[in-house]
Amino acid sequence: MCGVVGIVGCDAVNQSIYDALTVLQHRGQDAAGIVTIDKQNYFRLRKANGLVKDVFQDHHMQRLQGNLGIGHVRYPTAGSSSPSEAQPFYVNSPYGIALAHNGNLTNTEYLRNEIFKHARRHVNTRSDSEVLLNIFASELDKFPTYPLTAENIFAAVHNVHKMIHGAYACVAMIIGHGLVAFRDPFGIRPLVIGKRVVNDPITGEAKTEYMVASESVALDILDFELIRDIAPGEAVYITQSGEFYSSQCADNPKNYPCIFEYVYFARPDSFMNGVSVYQARILMGQKLGKKIAREWHDIDIDVVIPIPETSCDAALEIARILNKPYRQGFVKNRYIGRTFIMPGQSARKRSVRRKLNANRIEFAGKNVLLVDDSIVRGTTSQEILEMVRSVGAKKVYLASAAPEVRHPNVYGIDMPVASELIAYHHTVDEIAQQIGADKLIFQDLQDLIDSVREQNPVLQHFDCSVFDGHYVTDDVDDSYLLSLERKRNESQKTLLGKESENLELYNEGQ
């Protein structure tokens, strides 16, 4: 999972993109990057491994000049943390194009071979984002006229949709033209657009600035008004002078947003597809609380405690429905990254004790109901339950606000191998035994769907593939999943220090 942002402004956008990336940091902590276009039509690029605050120093920010820019925060979905795969990516032909991408393509190897054979384009990393950029560039290269028209750009995006499969939300810049943003025809990965009216710093007249981002919270902190979600299959094109164009570029778009965004990834103060993430999590808690009251009516629970912090809203509703005390039993070290998105099982496991500490007074001698947003690999849950027992809890029950994660994800979430998922081929009782819970309960999938749909009944479908094994792009089979597992295992054996690095023009401060 990654976060993207793009801004077309009247003044320098470097600080605004930086600020937006800091509030999207939860979507990726492995690498960050910003590229701008300066007054001389040069790309100014800075990207590296690390958090936003560490990647961009004062001298980097001063060099990221221009009123047009895009940014990216990344975590690796295939186990690679090579600096060469940090985004945005750049190609010099045609015109000069930079692109940042959130999602995952499912036909990357086929596309890599096709663009080499037919367009003579070499991709220098294993990143599907670089493949996507070269596909887009190759399509733009088919138009002989300069400058490109909006119709040319939308035609190129239309052809991109026809060629690539999977999930993608993209922001791109074309030298001499402006910013382009587009979303896959199933709308799996989120992308929103906003605007604000400012006075031009030179003429003083009112002008409209535009911004696209993975989540609406990035717009909020910069005082951009949320216009809407970019529709599945839609592309928007905003010229450097602020002219706005949009077009549906997919032949048969359908809306299947990723439901795991609402469970875990998105910030609670974001709106996606007309749905408040915060309200969706409250409803998840209400529905799960009713299930617990119905199925565990004979269980003696003394206190309800969330595993911070995505589950806090749901846990509060569960406590209210069960008429039990709600307590904050864990103290979180906020300077440790989210364990689920750390690149490697050993790193996730080592991080748990550094990230959380149990407040002994809330656990000693009590029957405790812990609430988590989801259980994926089970490593974190097992470590937390061991910690809770070590401070004196009598009984430890666990409730998950999401159903059992039984299937790999192929659309940009780092759970591509079924054997890593604790619910894969295990019953609820077997999972409880493995993680050390006295009792375990999961949200029903239909209740999860209803929790999100309640605010926007127009939403008829979701990508629920990690729960039900149905892949909406219809191009994922057992052989593809086995291939993913093999590549992941090979990737994890690679020493990062021996991975080739990609040197790029104007990567400031390298």
Side-chain angles (χ1 to χ4, degrees), residues 2 4 6 8 33-37 41-45 47 68-72 84-105 107-166 168-185 191 212 233-240 245 247 249-250 502-507:
C2 302
V4 298
V8 179
I34 295 174
V35 60
T36 60
I37 298 177
N41 267 352
Y42 288 118
F43 280 133
R44 295 292 182 177
L45 170 65
K47 63 179 184 177
L68 175 63
I70 62 176
H72 187 268
S84 68
E85 296 193 12
Q87 297 186 45
F89 283 107
Y90 156 81
V91 291
N92 65 358
S93 176
Y95 312 111
I97 306 170
L99 179 141
H101 160 227
N102 171 32
N104 192 65
L105 306 187
N107 62 337
T108 304
E109 293 308 313
Y110 168 78
L111 294 170
R112 190 188 305 270
N113 294 331
E114 287 296 298
I115 58 176
F116 181 77
K117 285 193 301 183
H118 300 295
R120 301 296 186 263
R121 288 181 173 270
H122 171 67
V123 177
N124 204 43
T125 70
R126 291 178 296 166
S127 172
D128 61 340
S129 303
E130 191 184 8
V131 172
L132 197 161
L133 167 60
N134 277 273
I135 293 289
F136 182 47
S138 179
E139 291 303 317
L140 291 175
D141 210 10
K142 295 177 180 178
F143 298 100
T145 57
Y146 180 86
L148 295 168
T149 66
E151 289 74 18
N152 295 153
I153 292 172
F154 294 144
V157 174
H158 174 76
N159 290 334
V160 168
H161 286 328
K162 288 165 60 175
M163 294 179 66
I164 67 178
H165 302 157
Y168 47 96
C170 303
V171 291
M173 294 189 301
I174 307 171
I175 290 284
H177 293 81
L179 182 142
V180 182
F182 55 94
R183 195 175 174 201
D184 69 77
L191 197 63
V212 293
E234 182 186 17
V236 300
Y237 168 46
I238 305 158
T239 68
Q240 287 180 276
Y245 303 89
S247 178
C249 298
N502 184 27
L503 299 179
E504 299 186 64
L505 191 63
Y506 295 110
N507 193 352

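In this chain, residues are counted from 1 in sequence order. Bear in mind the structure is a predicted one, so any value in this text is a computation, not a measurement.
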Hey, what do you get for CD1 (I135) to CG (L140), rounding to the nearest 0.5 Å? 11.5 Å
Inter-residue atom distance I164.CD1 - E114.CD, 0.5 Å rounding: 14.0 Å
Enter the distance from I115:CD1 to L132:CG here, rounded to the nearest 0.5 Å. 9.5 Å
Smallest heavy-atom separation, L191 atom then A181 atom, equals CD2-CB, 4.1 Å
Could you report the tightest heavy-atom contact between A98 and V35, atom names first, then the distance? CB-CG1, 3.8 Å
Can the ring centres of F182 and H158 be said to be less than 6.0 Å apart? no
Are F116 and V123 packed together at the side-chain level, in the sense that at least one heavy-atom pair is separated by less than 4.5 angstrom? no
Hey, mind stepping through T149 and F154 against side chain to side chain contact (heavy atoms under 4.5 Å, CB included) and telling me if it holds? CA-CA 9 Å; T149 66; F154 294 144; over 6 Å; no
For the side chain of S247 and the backbone of C249, is there at least one donor-acceptor N/O pair under 3.5 Å apart? no
Specify the closest pair of heavy atoms between D128 and L105, including all atoms of both residues, with the distance to one decimal. OD2-N, 2.8 Å
Within the 4.5 Å heavy-atom criterion, are S84 and N124 side-chain neighbours or not? no
Do Y168 and H161 pair up side chain to side chain, a donor and an acceptor below 3.5 Å, judged on atom types alone? yes
According to salt bridge (charged side-chain N to carboxylate O under 4.0 Å, His left out), does anything in residues 135-147 pair up with another residue at least two apart or in another chain? List the pairs. E139-K142
Taking only residues two or more places apart in sequence or in another chain, which ones pass side chain to side chain contact (heavy atoms under 4.5 Å, CB included) with E109? R112, K487
Might you point out which heavy atoms bring N134 and E130 nearest each other, and give the distance in Å? ND2-O, 2.9 Å
If you apply the rule side chain to side chain contact (heavy atoms under 4.5 Å, CB included), what do you find for I153 with F143, and how did you get there? CA-CA 9 Å; I153 292 172; F143 298 100; over 6 Å; no
Please test V4 against I70 for side chain to side chain contact (heavy atoms under 4.5 Å, CB included), starting from the C-alpha separation and ending with a verdict. CA-CA 7 Å; V4 298; I70 62 176; over 6 Å; no
For a quick test of reading the model, state the closest non-hydrogen atom pair linking H177 to L148 and the distance between them. NE2-N, 2.8 Å
Side chains of Y237 and V157: closer than 4.5 Å at any heavy-atom pair? no
State, to 0.1 Å, how close H101 and C170 come at their nearest heavy-atom pair, and which atoms those are. CD2-SG, 4.0 Å
Roughly how far, to the nearest 0.5 Å, is CG of N102 from CZ of R183? 10.5 Å
Quick one: list whatever passes side chain to side chain contact (heavy atoms under 4.5 Å, CB included) with Q240, sequence neighbours left out. I37, N41, L68
Could you tell me the separation between the OG atom of S138 and the NE2 atom of H118, rounded to the nearest 0.5 Å? 10.0 Å
Applying ring-ring contact (aromatic ring centres under 6.0 Å, His included) between F43 and each of F89, Y90, Y95, report the one that passes. Y90
Look at the side chain of N107 and the backbone N and O of M163, then say whether any donor-acceptor pair between them is shorter than 3.5 Å. yes
